[in-house]
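Contents: one structure, followed by commentary.
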Amino acid sequence: MQRYNPIKIEKKWQNKWYDSDTFKAKNKTKSPKFYVLVEFPYPSGDGLHVGHCRSFVAFDAIARKKRMQGFNVLYPMGWDAFGLPTENYAIKRGVHPALVTKKNTDNFKRQMKSLGLSFDWSREINTTSPQYYKWTQWIFVQLFKKGLAYKDKISINWCPSCKIGLANEEVVSGKCERCGTKVEKKEKEQWMIKITKYADRLIDDLNLVDYQERIKIQQKEWIGRSEGAEINFSLDDFNEKIKVFTTRPDTLFGCTFLVLAPEHQIIGKIKSKIKNWQEAEKYIKQAKNKSDLERMENNKNKTGIEIKGIKAVNPANNEKMPIFISDYVMLSYGTGAIMAVPAHDERDFEFAKKYNLPVKEVVLSDGNKSILINSAQFNGMDSKKAKEEITKSVGGKKTVNYKLRDWIFSRQHYWGEPIPMVFCEECARRHDPGQGWHPVPEKDLPVELPKVKKYQPTNTGESPLASMDKWVKVACPECGGNARRETDTMPNWAGSNWYYLRYCDPKNNKKLANEKILKYWLPVDWYNGGMEHTTLHLLYSRFIFKFLWDIAAVPKQIGPEPYKKRTSHGVVLAEGGIKMSKSKGNVVNPDDVIKKYGSDTLRIYEMFMGPFEQMIPWDQKGIVGARRFLEKIYNLSEVKRTAVKSDENFKKLLHKTIKKVSEDIDLMKFNTAVSSLMEFANAWQVSQNTLGKDDFADFLAILSPLAPHLTDELWERAGFKGFCGDSKWPKYDSKLIVEESVLIIVQVNGKVRDKIKVGYNIGQKEAENVALNSSKIKGIIGGNQIKKIIFIPNKLINIVV
RNA sequence: GCCACGGUGGCGGAAUUGGCAUACGCGAUGGACUCAAAAUCCAUUGUCCGCAAGGGCUUGAGGGUUCGACUCCCUCCCGUGGCACCA
């Protein structure tokens, strides 16, 4: 008997698969389509990580099973290759980032192939290839034309180490997500994208899709819609008004002061009347110097200053009240001013306590009802109704606010898509100020990244492209005069915004993808990715899809959402439950595992290690369990598959296993799918029976999505035709699942006392008889009176005495 | 602080959604094979009492509902992730 030698077997089948068209998705077939998508990786120099493998292998199993079930499956792969690590490497070694990228993607591809993943490599894409980013740029131009891309001088999050502006999403507790350096504020002209215009749809359309609940909740919270009202407070002796945003207009009678954000523009207008201006100005300056992080840290100890000499008037009761400036109010949210109701807001209460301000209770809550008090004609009104009524009575306006901000789209780096815009001063002068920006004509796209000598960002915060005079100077597409190119590049989210569209038609040079083909493949049926992308890539790409849908760049029939279903996998941790990181030296390289145990073993182990959605520590010792399982199957297949017909009981177990594996793969319960296959193998080993030929084929078929190399090898040795992966997914026979006899639990007072074997579906009377006749049960009941008997068919009988 | 998820043997984890808790795997112990080791195979493996038959206890803690609770309800503790002065 030969020994199981995965190295030999696996190489052989990988060659056969990739030389044939077996994983190729057809753009037109009679069979139903199924589009399985996993997030494409950033090809780092470290190579593939066992964490990547987990999601790739899981969805490879899903893709393979769907193919066997008769679907025309698209399971593509590509490279999200723009990004800082490659640029940093290029800076250090003086190698062009494109060369580094090529090296890395080659390595990733080799690793993926060595895992036997069933990607359709004929559709491979790379965000850094000009043929691809031509369309990333094209999308930007469309955004600009529709007024959704605009340039604005804003205070951005600036990482002094990376020398790059960061989106809010890339700042984690005041620090740069990438390098951990404390983020600073910097005023800069940036391209912005109006994602806020889509805020409502991004929330509401979540109802149309099948995403894991945790994903929907996180997106909703990130967008942060809150409904409320804007109410104007007039100023005593002054022809100015302060507009506040509140979600609690019902508490207006309890408002005892106003608070302005230090940057609020009205302060300048009323400056002359402020008696303590010097003091106030000092406070404002201090507040401006604080970073967001410092502001946040002070959240227990609020500071502020009253502006003396001016009072605001409460529109509800005409009472005069003081106005404060405090940095606990943010300029960027709502109107930058609030009405403070210390009785019903914790933050206002803290502030009121510190500055000795009155607290006036106006809403009485008792259980599930909230009734207004101390609110004149509104007394006794339900607070929900009062929100509407009070807003109306003071001439307020119902409004909605979002936490979501517009998306900062400029980066000051070399290794990204050039923003295809040209600025013409001549045009700017002729039109109104601020204009002068023109998109590069679509026929001139892509704007290719020029070769530069140095890849470092400049100290002035400009991209290295800015120093390339030859490239920067260009004729104005409008007037033909002297103009300059935009030298900033796009963030690395730009390429991943729409990549799943490109897989449908990756070589199209006329459109981002052909409409008919898009209509066939979209929406993506199942998209899996990391939880960390929920408020980044997933949100951005939903937004961009909606935009493309609005301008009819993608067919209307697809509907407003690109992904039907979204799930996410748990992170693979290092042994001991800590994060795998290069600096800790605990990163597991799949190459090493494959070399030692084989890729089917790695695949099985990654699926078996624990629930797919949960994070899970790597266990080097545990891998041998997966290897032993495959060896067992290999050996059994050599000696125990010769029968014409399987034993009936054995066949039953097989059909139960078919049912379990079929259901579990669909539910991503890969760990229990593997364990049921192990149970089958154990039973096979212990039994004296051999497995019949057809049943053997069925067994290989249900194992093949998880261990495709081994099953194809055994398939061939058994004399079956073609690839096992091209065979039909077996259907279980429901008659075989049903037991003829079942073991019924007999309980006395809820405690298990006996187990009896009875016929399937026997009635209560019959079961009672058998149970009461058991000598064990008789002994336990003794002379006690039977009060009640509970009977659950085919499961249990409980005698209460 | 708020939201989400989780807490089950020495370890990773199962449990048809209210019906045998600890499947499957790792590890451990003993045995077979071997000159020996590895590999493999067999047996045992939640815990306590007991020579044994057998019995008690056990799913983070406490309470409740129920004939019956890992599962449902209430109170609390711990861990992970996200948000966080968002008015």
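Below, chains carry the letters A, B, ... as their sequence lines are ordered, and counting in each starts from 1.
Here the separation of B:U34 from B:U29, taken at their P atoms, is 23 Å to the nearest Å. Nucleotides B:C20 and B:G27 place their C1' atoms 26 Å apart, quoted to the nearest Å. B:A21 sits 14 Å from B:G68 when the C1' atoms are compared, rounded to a whole Å. Taking atom P on both nucleotides, B:C42 is separated from B:C51 by 32 Å, rounded to a whole Å. A gap of 31 Å separates the P atoms of B:G60 and B:A52, to the nearest Å.
In the set B:A4, B:A21, B:C85, B:A4 carries the atom at the smallest distance from any side-chain atom of A:R214. Of the candidate nucleotides B:A21, B:G12, B:C41, B:C41 has the atom nearest to the side chain of A:Q685. Checking B:A23, B:C41, B:C85 against every side-chain atom of A:K302, the shortest atom distance belongs to B:C85. Listed candidates were B:C3, B:G25, B:A21. Nearest to the side chain of A:N682 is B:G25. If you check B:G25, B:C85, B:C67 against the side chain of A:M678, the one that comes closest is B:G25. Taking the side chain of A:V624 as heavy atoms from C-beta on, and the options B:G27, B:C85, B:G13, the nearest nucleotide is B:G27. Of the candidates B:G19, B:A87, B:A23, B:A23 carries the atom nearest the A:E679 side chain, counting heavy atoms from C-beta on.
Across all strands, A:D345 comes closer than 4.0 Å to no nucleic acid atom at all (heavy-atom distances). Within 4.0 Å of A:I789, counting heavy atoms only, lies no atom of the nucleic acid at all. Residue contacts shown for A:N401 are absent, as no nucleic acid heavy atom lies under 4.0 Å away. At the heavy-atom level, A:K621 lies under 4.0 Å from the strands shown only through sugar-phosphate atoms. If you check every strand for non-hydrogen atoms under 4.0 Å, A:R627 touches nothing. Within 4.0 Å of A:K751, counting heavy atoms only, lie sugar-phosphate atoms of the nucleic acid but no base atom. At a threshold of 4.0 angstrom between heavy atoms, the contacts of A:I217 are confined to the sugar-phosphate backbone, with no base atom among them.
Straight-line distance from the CG atom of A:L636 to the P atom of B:U40: 14 Å, rounded to whole Å. Taking atom NZ of A:K632 as the reference point, atom C1' of B:G25 lies 10 Å away to the nearest angstrom. If you measure from atom CZ of A:F233 to atom P of B:A87, you get 16 Å, rounded to the nearest angstrom. Going from atom CD of A:E213 over to atom P of B:A4 covers 10 Å, rounded to whole Å. Following rounding to the nearest Å, A:L630 (CG) and B:C24 (P) show an atom-to-atom distance of 18 Å. With rounding to whole Å, A:K795 atom NZ is found 12 Å from B:A15 atom C1'. Atom CD in A:E532 sits roughly 18 Å away from atom P in B:U80 (whole-Å rounding). Nucleotide B:A4 holds its C1' atom 8 Å from the CD atom of A:E221, rounded to whole Å.
The shortest distance between the side-chain N/O atoms of A:R628 and the OP1/OP2 oxygens of B:C26 is below 4.0 Å. One finds no side-chain N or O of A:Q212 lying less than 4.0 angstrom from the OP1 or OP2 phosphate oxygen of B:A4. Close to B:G82, at under 4.0 Å from its OP1 or OP2, lies no side-chain N or O of A:K403. Contact between the side-chain N/O atoms of A:T535 and the OP1/OP2 oxygens of B:G82 is not found at any separation under 4.0 Å. For A:R248, no side-chain nitrogen or oxygen approaches OP1 or OP2 of B:A87 to under 4.0 Å.
By the 6.0 Å and 45° rule, A:K302 does not stack over the aromatic ring of A:F351.
Contact annotation: the side chain of A:Y283 approaches that of A:T303 to within less than 4.5 Å [non-hydrogen atoms, C-beta and beyond].
Ring geometry for A:H533 versus A:H537: interplanar angle over 60°, hence perpendicular rather than tilted (30 to 60°). Between A:F670 and A:F612, the ring planes are perpendicular. Angles over 60° get that label, and only those under 30° would be called parallel. Ring orientation note: the planes of A:F324 and A:Y355 are tilted relative to one another, at an angle of 30° to 60°. The aromatic rings of A:Y540 and A:W407 sit parallel, their planes meeting at an angle under 30°, below the 60° perpendicular limit.
Residue A:I338 holds its CD1 atom at 10.0 Å from CZ of A:F233, rounded to the nearest 0.5 Å. Note that the CG atom of A:D619 and the CD atom of A:E575 stand 5.5 Å from one another [nearest 0.5 Å]. In this structure, CG on A:L772 lies 5.0 Å from CD1 on A:I789, to the nearest 0.5 angstrom.
If you check B:C85 for Watson-Crick or wobble pairing at under 3.5 angstrom, you find it has no partner at all. Remark: B:U29 base-pairs with B:A43; criterion is Watson-Crick or G-U wobble with both hydrogen-bond distances under 3.5 Å. Within the shown strands, B:U80 is the pairing partner of B:A4 under the Watson-Crick or G-U definition, both distances less than 3.5 Å. Across all strands shown, B:A21 has no partner, as no Watson-Crick or G-U wobble contact with both distances under 3.5 Å is found. Searching all strands for a Watson-Crick or G-U wobble partner of B:G50 with both distances below 3.5 Å returns nothing. B:C35 makes up no base pair with any nucleotide shown, lacking Watson-Crick or G-U wobble contacts both under 3.5 Å. With a cut-off of 3.5 Å on both Watson-Crick or G-U wobble distances, the partner of B:U75 is given as B:A61. Both distances falling under 3.5 Å, in either a Watson-Crick or a G-U wobble arrangement, occur for no nucleotide opposite B:A15.
By the rule that a glycosidic angle within 90° of 0 means syn, B:U34 does not qualify and counts as anti. Under the 90° criterion around 0 for the glycosidic angle, B:G9 counts as syn.
Between A:E663 and A:K669 there is no salt bridge, since none of the side-chain N atoms of the basic residue sits less than 4.0 Å from a carboxylate O of the acidic one. A salt bridge between A:E230 and A:K243 is present, with a side-chain N of the basic residue lying under 4.0 Å from a carboxylate O of the acidic one.
Between A:F680 and A:F650, the distance from one ring center to the other falls under 6.0 angstrom.
Within residues 596-613 of chain A, the residues having any heavy atom under 4.0 Å from RNA chain B are, by residue number, A:F608, A:M609, A:P611. Using a 4.0 Å cut-off on heavy atoms, the residues of residues 665-673 of chain A that approach RNA chain B are A:K669, A:N671, A:T672, listed by number.
At a cut-off of 3.5 angstrom, the base of B:G19 holds at least one donor-acceptor pair with the side chain of A:Q747. Not a single donor-acceptor pair, N or O on each side, falls under 3.5 Å between the base of B:C67 and the side chain of A:K788.
Of the listed residues (A:H569, A:K565, A:E39), just one forms a side-chain hydrogen bond (donor to acceptor under 3.5 Å, both in side chains) with A:N528, and that residue is A:H569.
Along RNA chain B, the nucleotide nearest to A:I338 and the one nearest to A:M531 differ in position, and the one closer to the 5' end is contacted by A:M531. Between A:G224 and A:M615, the residue whose closest nucleotide on RNA chain B is further toward the 5' end is A:M615.
Within 6.0 Å of NZ in A:K354 there are more than 12 heavy atoms belonging to other residues, nucleotides or ligands.
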